[in-house]
Every structure is written in structure tokens, then in C-alpha cells.
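Inspection log for the structure reproduced underneath, given as C-alpha cells.
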Amino acid sequence: MSAVEYRSILKYRLMIPMFPNDETCPVCRKACLDKYGEHALHCRELPGFKYRHDFVRDALMDILRRAGISAKKEAPVNFLTDPSEGRSTLRPADVLVFGWEGGKHACVDLTGVSPLAGFQENGFVAGQAVLKAESKKVEKHAKACEDNQHAFVPLAFDTFGSLAPEAVRFLSRVQRVVHSNFSTPQGRGFVFSRLGFSIQKGMAAQFVARLPAILM
């Protein structure tokens, strides 16, 4: 992580302003590019909107590979559905882990949220945003996976690095596999620290891409 990226993450975590006040987003022209960086992370019209998601997904794939766990990213399963639409979305699984649970393959679906989004209106409750994100994923995809003899693992995280309970359970099992395959002390905590760093690194890249040159 570069010095500029590291400073941007520290400012975000400490809620130190990093953008000028009341500037309009140069891309979507619909919202204020707020000084704390929330819009820079979540504007869907900014190039590379999915960068953080894909960066964390790729880090997870590397962790699984190093642990000796067979998996495939962007695996076409053709049954993930949205109950509100009542049909298959034909979207791939972010990560498909083979033979994960009782011989069933597991569809791992990553989602990242901000715990600060809407906190001025609704108040701030630690861990609430990531729990809500996990619940939404389960409601959306769990039944379709079960009906097609697959397990479903929602891997929800927030921009401060908090993980939802199902994500913790999944990664804890991966960590146990790492421990069983690599007995060196360096392997302890490898899974959580690697994924946590990837979340922050992905955010830092998004911040730096929007920072005014004078603040670089």
C-alpha cells in the first residue's frame, strides 16, 4: 500500500475530511462528493465501481488456493434467483467452493457495505449494516442454492473491516485448513489479516482515484 493510500484509509477511519466541501461528483453529477469519502466508495457511475468487490474476491481465491481448497471464481451455476423477480438471474457465483459442506459445493457471495451510510438519519449501531447485508443475501439466494443441492455462504463485510457471522464461520474453517496444512507460526491469523488488508487496499485505491491532485 502506498503512502497516499495509507493516509486516505487513516483519514476515512478517523473521519478526517479528505475532499473539498460540497463538490458535485464529477461523474454522476447527482450527488455531493462528501468530504469523508462515502460517495467515492459507492457511486455506481464511477469507473471501477466493482473494483473493491473484485479485489477482495481475488484475495479470497488466493487464500483458498494456498490452503489447498478447490474453488473457482465467477462460476456459472445458472440458478441464483431474486425472489422479487421470480426468475433466474443467471448470475455466476462469486466463488464456488467444491465439496464444502456434506459433499455439496458452496456458492460464496461477497458484499461490501458502509456502516456510515444513512447514520445521520437512523443513528449508528455497530455491526448493524453488515448484519443487514448478510440477511439480504440469504433472503435472495439461499433457497435457490438449497433447491439445487448447493450450500450458500454470504460473505458480508463493511468498510471498517467488520465481518458478518456467516463470513466469520466460513473464514474460521478456512483458517483451520491453513493450520492443518502449514504448522508454522506465520500461518496463524493469515486468513483474516489477508482479507482485512484486501478490503482496506481496495478502498484506498478508490479514494486515491478521486482525490484532487493538490492532496496527493
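All values below come from the heavy atoms of this structure, side chains included, with hydrogens, waters and symmetry mates left out. By convention here, the first residue in the shown sequence is residue 1. Keep in mind the model is a prediction, meaning the values are calculated, not measured.
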Can you name the ring-ring contact (aromatic ring centres under 6.0 Å, His included) partners of Phe157, sequence neighbours left out?
none
Taking the side chain as C-beta and beyond, is there a heavy-atom pair between Arg57 and Val95 under 4.5 Å?
yes
Show the nearest heavy-atom pair for residues Ile199 and Arg52, with the distance to one decimal.
O-CD, 4.0 Å
Decide whether Met203 and Val4 are clustered together by the hydrophobic rule: side chain heavy atoms of Ile, Leu, Val, Met, Phe, Trp, Tyr closer than 4.5 Å, transitively.
yes
Side chain proximity check, Asp58 to Asp62, heavy atoms < 4.5 angstrom:
no
Could you tell me whether a side-chain N or O of Gln200 sits under 3.5 Å from a main-chain N or O of Thr159, the two making a donor and an acceptor?
yes
Quick check: closest heavy atoms across Pro154 and Val138, and the distance to 0.1 Å?
CG-CG2, 3.7 Å
Residue that, paired with Cys107, satisfies side chain to side chain contact (heavy atoms under 4.5 Å, CB included) out of Leu96, Asn148, Val97
Leu96
Does atom NZ of Lys104 have more than 12 heavy-atom neighbours from other groups under 6.0 Å away?
yes
What pairs with Phe98 under ring-ring contact (aromatic ring centres under 6.0 Å, His included), at least two apart in sequence or on another chain?
His105
Between CG of Leu155 and CD of Glu166, what distance do you get to the nearest 0.5 Å?
10.0 Å
Residues at least two apart in sequence or cross-chain that pass side chain to side chain contact (heavy atoms under 4.5 Å, CB included) with Val153, listed by chain then number, are Ala106, Val108, Phe170
After noting the C-alpha distance and the side-chain angles of Glu139 and Lys136, does the key distance pass the salt bridge (Lys or Arg N to Asp or Glu O under 4.0 Å) rule?
CA-CA 5 Å; Glu139 182 180 349; Lys136 283 184 176 180; over 6 Å; no
Smallest heavy-atom separation, Ala67 atom then Val178 atom, equals CB-CG2, 3.7 Å
When rounded to the nearest 0.5 angstrom, what distance separates CE in Met1 from OG in Ser8?
7.5 Å
Shortest non-hydrogen contact between Arg194 and Ala59, atoms and distance:
NH2-CA, 4.1 Å
Answer yes or no: is there a side-chain heavy-atom contact under 4.5 Å between Val174 and Ile69?
yes
Whether over 12 other heavy atoms sit under 6.0 Å from Glu74 CD
yes
Suppose we screen for side chain to side chain contact (heavy atoms under 4.5 Å, CB included). Which residues come up paired with Ser172, at least two apart in sequence or across chains?
Val168, Arg176, Phe192
Any side-chain heavy-atom pair from Asp158 and Pro115 closer than 4.5 angstrom?
yes
Between Asp94 and His53, is there a side-chain heavy-atom distance shorter than 4.5 Å?
yes
Measure the NZ-CZ distance between Lys11 and Arg7 for me, rounded to the nearest 0.5 Å.
7.0 Å
What's the verdict on side-chain contact (heavy atoms from CB on, under 4.5 Å) for Lys143 and Phe152, showing C-alpha distance, side-chain angles and the deciding distance?
CA-CA 9 Å; Lys143 188 177 186 305; Phe152 179 67; over 6 Å; no
Is there a donor-acceptor pair under 3.5 Å between the side chain of Ser135 and the backbone N or O of Leu131?
no
Which residues satisfy the side chain to side chain contact (heavy atoms under 4.5 Å, CB included) test with Ala156, sequence neighbours excluded?
Thr111, Val130, Ala133, Glu134, Ala164
Is the backbone of Val177 close enough, under 3.5 Å, to the side chain of His179 for a donor and an acceptor to pair up by distance?
no
Minimum heavy-atom distance between Gln175 and Phe190, given as atom pair plus value:
OE1-N, 3.3 Å
Just to verify, what does Lys201 make a salt bridge (Lys or Arg N to Asp or Glu O under 4.0 Å) with, not counting sequence neighbours?
Glu5
If you apply the rule side-chain contact (heavy atoms from CB on, under 4.5 Å), what do you find for Leu163 with Leu171, and how did you get there?
CA-CA 10 Å; Leu163 300 168; Leu171 295 173; 3.8 Å; yes
Any donor-acceptor pair under 3.5 Å linking the side chain of Arg173 with the backbone of Trp100?
yes
Mind checking the CG-CG spacing from Leu110 to Leu60? Nearest 0.5 Å is all I need.
6.0 Å
Would you name the heavy atoms of Phe55 and Gly202 that are closest together and state the gap between them?
CD2-N, 4.1 Å
